[in-house]
Amino acid sequence: MTTMIRETAEVDEQIFFDALIDADERIEPRDWMPEAYRRTLVRQISQHAHSEIIGMQPEGDWITRAPSLKRKAILMAKVQDEAGHGLYLYSAAQTLGIGRDEMTRQLIAGEAKYSSIFNYPTPTWADMGAIGWLVDGAAICNQVPLCRCSYGPYGRAMVRVCKEESFHQRQGFEILLTLMRGSAAQREMAQDAVDRWYWPSLMMFGPPDDASPNSARSMAWKIKRFSNDDLRQRFIGMIVPQAEILGVTLPDPALEWDAAAGRWQMSPIDWDEFHEVLAGRGQMNAERLRRRREAHEEGAWVREAAAAYAASRTGAPSRSSSEARSADPRSLSGARSADPRSLSEARSADSRSLSEARSAETKRPDPPEDPR
Ligand code: BYC
């Protein structure tokens with residue numbers, strides 16, 4: 001009998017979940033969700049968080065070498081922003097029942113992915129310009145649609161991230177513009193950086209649509225709103241006029257707008273290089289992970305001190321809050337699914353209908369202005 005009630009409740013939950021997705025409503029941490037939806041989100045959000053944290057390294061390397069005090073201050077603020085993005089994203093992933101300690105363990109053990117783009121070196125100051133313009137530019141194209149992601153905590157985190165990324169892209173553009181208005185050697189340095197970052201930036205959007213195993217389902221769940229290839233096309237459309245203003249050449253002689261097809265024609269992307277980087281054999285993979293491990297070990301005393309301080313105030317045994325959360329698998333996302341009440345009972349008990357929930361919710365902020 002109990003099993004039947006449970007199964008009926010699950011069917012109702014699935015119907016309710018599907019209805020929320022169809023109605024473009026948000027799924028929240030305490031809502032029931034299919035296990036595959038939860039796993040997909042943990043995969044994407046944790047990878048995204050790791051990318052922000054590893055992404056601090058290529059730019060962090062230039063803080064001491066920035067050409068002026070003003071440039072140093074701006075770069076430092078940008079790198080701190082990336083740390084903040086990592087924190088919002090780890091927090092969003094934690095609402096799905098995975099602990100921050102576990103995500104960190106996966107990263108430093110080399111089990112987790114992070115964006116391919118951060119496995120390339122930054123030999124010159126112009127790389128700070130190219131990263132800001134191209135890498136943050138690609139991030140904006142990818143992330144503005146994620147502000148409308150069906151999972152509430154991820155979508156809301158993206159709103160602030162995108163506002164900051166827009167600023168980052170402008171500062172990268174401005175570095176390149178300054179160099180392009182400088183000496184011949186500075187112009188050459190800027191062009192060389194654009195040549196090196198252009199193709200890896202295109203790879204950030206992921207494999208082509210016909211080789212993207214996750215896209216179809218993520219789009220059906222409204223986690224992703226556009227396919228990898230569509231976003232890549234939008235990105236090219238954004239940077240072509242900007243490259244003209246800068247006076248740099250995009251390193252693809254075949255790049256051309258095909259009005260009949262409504263698409264940019266381009267040379268093929270070197271997907272072998274992409275897969276090599278994903279397999280850990282990029283130019284900087286080993287160094288990025290070595291530095292991340294080292295930072296984790298060096299930060300052990302801070303985590304211990306914070307946990308001891310928290311314990312001294314609550315009298316609880318000293319362990320980090322994320323450990324505590326992940327120790328209870330039902331604490332967050334499992335809460336509703338363990339409740340055998342049918343959906344309608346649960347909803348009337350909650351006295352929180354869909355529309356009430358909508359109006360009670362803080363008004364969802366508008367996604368940031370699309371820079372294109
Ligand atoms: N790098 O089926 P697909 C930043 C993986 S940081 C590595 O298309 P999906 C910044 C993919 O994970 C911004 N792996 O997957 C920070 C999957 O493997 P798994 C970083 C990649 O999820 C500091 C497999 O390939 N942005 O802006 O539908 C300073 C098949 O792919 C990559 C994000 O993280 C890649 N480039 O789509 C400056 C955005 N591409 O997981 C700037 C959030 C694909 O099955 N993420 N893979 O083992 C997304 O939007 C999506 O996850 C992706 C991939 C578009 C990246």
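Order of listing sets the numbers, starting from 1, for every ligand and every atom in it.
Between Glu102 and Gln106, the side chains place a donor N or O and an acceptor N or O closer than 3.5 Å (distance only, hydrogens not considered).
A salt bridge links Arg196 with Asp127: the closest approach of a Lys/Arg side-chain nitrogen to an acidic carboxylate oxygen falls below 4.0 angstrom.
Residue Glu256 qualifies as open at atom CD: its count of foreign heavy atoms under 6.0 Å is 12 or below.
Listed by chain and number, the residues in a salt bridge (charged side-chain N to carboxylate O under 4.0 Å, His left out) with Arg65 amount to none (sequence neighbours excluded).
Relative orientation of the Trp271 and His275 rings is tilted, given thresholds of 30° and 60° on the angle between their planes.
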Under the salt bridge (Lys or Arg N to Asp or Glu O under 4.0 Å) rule, what do Arg71 and Glu174 come out as? Steps first, then yes or no, please. CA-CA 11 Å; Arg71 293 288 186 198; Glu174 200 264 334; 2.8 Å; yes

Quick one: ligand 1 N/O to protein N/O pairs below 3.5 Å?
residue	atom	partner	partner atom	Å
ligand 1	1 (N)	Ser116	N	2.9
ligand 1	1 (N)	Ser116	OG	3.4
ligand 1	2 (O)	Ser212	OG	3.1
ligand 1	2 (O)	Pro213	N	3.3
ligand 1	2 (O)	Asn214	N	2.9
ligand 1	2 (O)	Asn214	ND2	3.0
ligand 1	8 (O)	Ser212	OG	2.7
ligand 1	8 (O)	Asn228	ND2	2.8
ligand 1	12 (O)	Gln47	OE1	2.9
ligand 1	12 (O)	Gln47	NE2	3.3
ligand 1	15 (O)	Asn214	ND2	3.3
ligand 1	18 (O)	Lys113	NZ	3.3
ligand 1	22 (O)	Arg43	NH1	3.0
ligand 1	22 (O)	Arg43	NH2	3.2
ligand 1	28 (O)	Lys224	NZ	2.7
ligand 1	36 (N)	Ser116	OG	3.1
ligand 1	36 (N)	Met203	O	3.4
ligand 1	36 (N)	Met204	O	3.2
ligand 1	37 (O)	Lys224	NZ	2.9
ligand 1	41 (O)	Arg43	NH1	2.8
ligand 1	41 (O)	Gln47	NE2	2.7
ligand 1	45 (O)	Asn214	ND2	3.2
ligand 1	48 (O)	Lys113	NZ	2.5
ligand 1	50 (O)	Asn142	OD1	3.4
ligand 1	50 (O)	Asn142	ND2	3.0

